[in-house]
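Input: a single structure, listed below in structure tokens.
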Amino acid sequence: MTQQRRAILDAICGRGSHPSADELYHDLRQRLPRISLATVYRNLETLASSGLVGKLEHGCGQRRFDGNPGPHHHVRCVCCGRIEDLRQDMGVPDAEGIGRQLGGRYRVVSVCVDVLVVCPGCQ
Ligand SMILES: [Zn+2]
Ligand SMILES: [Zn+2]
């Protein structure tokens, strides 16, 4: 792993939110003044395809990246696109539970719920 890629991974995990490539670029420029936006994009794609970070894609708005690559649920603001993790104890059925509700006809691969909200800042 190159030093730049390591720095990008640290920046995603350190933020605790779900930054876009532009936000990460802005953060990284403080520490690595010579880094380019193209480098950030390229490394993000590599990190995502190797499963080290999650990639959150929605029809509208910017693609965002997640320091937690495992399946989990999100709360997403429909106005500003801000994303937070949904607490684990919120009662969303897991893959096994959903599989049972589907009558066992499907093999459930993962369950990722998006709860659409208007965040406090946008209200
Ligand atoms: Zn918002
Ligand atoms: Zn997340």
Side-chain angles (χ1 to χ4, degrees):
M1 184 178 287
T2 66
Q3 195 190 345
Q4 283 182 332
R5 191 169 300 162
R6 161 65 54 192
I8 291 169
L9 184 59
D10 286 349
I12 298 173
C13 297
R15 255 181 169 256
S17 61
H18 300 76
S20 65
D22 284 347
E23 288 168 342
L24 286 166
Y25 174 58
H26 183 83
D27 282 4
L28 286 157
R29 284 262 311 260
Q30 325 279 328
R31 288 166 49 204
L32 304 168
R34 285 177 25 224
I35 200 164
S36 73
L37 184 57
T39 301
V40 174
Y41 270 109
R42 186 160 27 84
N43 281 287
L44 283 170
E45 291 303 326
T46 307
L47 287 166
S49 61
S50 52
L52 289 168
V53 302
K55 186 161 70 170
L56 308 172
E57 304 197 66
H58 298 107
C60 52
Q62 276 204 51
R63 177 181 297 167
R64 288 174 178 273
F65 295 87
D66 195 334
N68 173 3
H72 61 282
H73 311 306
H74 290 117
V75 177
R76 175 160 62 96
C77 177
V78 294
C79 297
C80 66
R82 176 193 166 88
I83 295 176
E84 287 175 29
D85 287 347
L86 188 67
R87 291 206 327 267
Q88 294 286 328
D89 60 356
M90 295 278 281
V92 180
D94 59 9
E96 213 174 291
I98 298 274
R100 268 198 306 275
Q101 290 182 38
L102 291 170
R105 287 179 297 132
Y106 299 92
R107 186 175 64 84
V108 178
V109 178
S110 74
V111 180
C112 300
V113 171
D114 256 346
V115 180
L116 304 184
V117 300
V118 178
C119 78
C122 290
Q123 277 176 47

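Heavy-atom basis, side chains included; hydrogens, waters and symmetry copies ignored. Keep in mind that this is a model prediction, so the values were computed, not measured. All ligand and atom numbering here is 1-based and tracks the order in the structure.
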Hey, what's the ring geometry for H18 with H72, parallel, tilted or perpendicular (30° and 60° as the breaks)? tilted
Quick one: the SG of C80, the Zn ion (ligand 1), SG of C122 angle, rounded to 10°, please. 110°
For N/O/S atoms only: which one belongs to D85 and is nearest the Zn ion (ligand 2)? OD1
Rounded to 10°, how big is the angle at the Zn ion (ligand 1) from C77 SG to C119 SG? 110°
Minimum-distance N/O/S atom that D66 presents toward the Zn ion (ligand 2): OD2
So with a 6.0 Å cut-off around CD of Q123, is the heavy-atom count from everything else above 12? yes
Between the side chains of H74 and D85, does any donor sit under 3.5 Å from an acceptor? yes
Of all the heavy-atom pairs spanning G81 and R76, show the shortest one and how long it is. O-CG, 4.5 Å
Closest approach of C79 and V118, non-hydrogen atoms and distance? SG-CG1, 4.0 Å
Before moving on, can you tell me the angle at the Zn ion (ligand 2) between the NE2 atom of H72 and the NE2 atom of H74, to the nearest 10 degrees? 90°
